[in-house]
Amino acid sequence: MGKRKRPSAKQMEQLAAGYFSRCRQEHSHPSLPGLALALGFASRRELEQAQSASGPAGEVLRRAVTRVEEATLQSAFTKDLAASAKFILQNGFGYAEKAAQPPPEEIRVLVEEPGEEGTP
């Protein structure tokens with residue numbers, strides 16, 4: 001099977017804008033698989049591979065993926081969607097819990113009474 005011709009950077013930008021516009025109109029959250037399909041990719045993985053390319057097309061794709069990430073991040077601040085958004089951010093965008101900090105070590109301070117005059 002031959003490779004499909006990819007849209008130009010300008011066409012991808014228009015397709016991405018259309019996708020985000022549809023998401024707003026339908027009150028749905030943008031997703032990487034939805035973006036991939038809207039741009040003509042067969043899978044999210046194809047989209048991820050294409051966004052690593054240099055040049056205008058790669059830049060357009062990185063920006064579109066970042067918009068999906070931003071929408072997901074904003075969902076984390078919505079009480080009803082926080083757990084789902086956290087899961088998606090961790091598994092789809094590489095976010096992680098902060099590493100547990102070890103408890104601070106005990107610090108001992110010795111306080112000496114000032115000596116008589118002339119002694120330090």
Side-chain angles (χ1 to χ4, degrees):
M1 183 176 238
K3 282 194 163 205
R4 291 185 305 264
K5 184 176 185 281
R6 292 278 169 234
S8 70
K10 183 140 183 93
Q11 290 168 324
M12 278 195 254
E13 197 168 12
Q14 292 169 344
L15 291 169
Y19 172 70
F20 290 114
S21 178
R22 276 192 310 280
C23 287
R24 278 191 305 278
Q25 290 171 355
E26 297 170 1
H27 302 288
S28 63
H29 290 277
S31 67
L32 290 180
L35 177 63
L37 293 171
L39 294 173
F41 293 99
S43 68
R44 177 183 53 87
R45 187 168 309 268
E46 260 188 46
L47 170 64
E48 290 170 347
Q49 289 170 346
Q51 78 175 3
S52 65
S54 59
E59 187 175 324
V60 167
L61 294 175
R62 286 187 295 278
R63 185 167 178 79
V65 167
T66 301
R67 286 184 67 183
V68 172
E69 181 180 359
E70 169 62 11
T72 305
L73 187 59
Q74 290 303 318
S75 295
F77 296 106
T78 303
K79 184 180 177 183
D80 296 338
L81 302 174
S84 298
K86 180 180 173 183
F87 177 82
I88 293 168
L89 288 167
Q90 287 175 336
N91 292 289
F93 293 99
Y95 284 69
E97 295 283 340
K98 285 188 177 180
Q101 296 287 330
E105 293 181 25
E106 186 176 304
I107 299 174
R108 290 189 174 183
V109 178
L110 299 175
V111 179
E112 296 181 8
E113 292 292 324
E116 294 182 53
E117 263 185 63
T119 49

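All values derive from a computational prediction rather than experimental measurement.
Under a hydrophobic clustering in which Ile, Leu, Val, Met, Phe, Trp and Tyr are joined whenever their side-chain heavy atoms come within less than 4.5 Å, directly or via other members, Leu37 and Leu32 fall into different clusters.
Pro7 approaches Leu39 most closely through the heavy-atom pair CG-O, 4.0 Å. Listed here is the closest heavy atom pair of Arg62 and Ala53: NH1-O, 2.9 Å. When all heavy atoms of Pro30 and Tyr19 are compared, the pair lying nearest together is CA-OH, 3.3 Å.
Within the 4.5 Å cutoff, side-chain heavy atoms of Phe41 are placed close to those of Leu61. Using a 4.5 Å cut-off on side-chain heavy atoms (C-beta onward), His29 and Ser75 make contact. The side-chain heavy atoms of Arg6 and Glu46, taken from C-beta on, include a pair separated by under 4.5 Å. You'll find the side chain of Phe93 reaches within 4.5 Å of the side chain of Val65, heavy atoms only.
A distance-only check finds no donor-acceptor pair linking the side chain of Arg44 to the backbone of Leu35 [under 3.5 Å]. Remark: the backbone N or O of Val68 is paired with a side-chain donor or acceptor of Thr72 at under 3.5 angstrom.
Residue-environment remark: CZ (Arg45) stays at or below the threshold of 12 foreign heavy atoms within 6.0 Å.
Rounding to the nearest 0.5 Å gives a distance of 11.5 Å between CD of Glu59 and CE of Met12.
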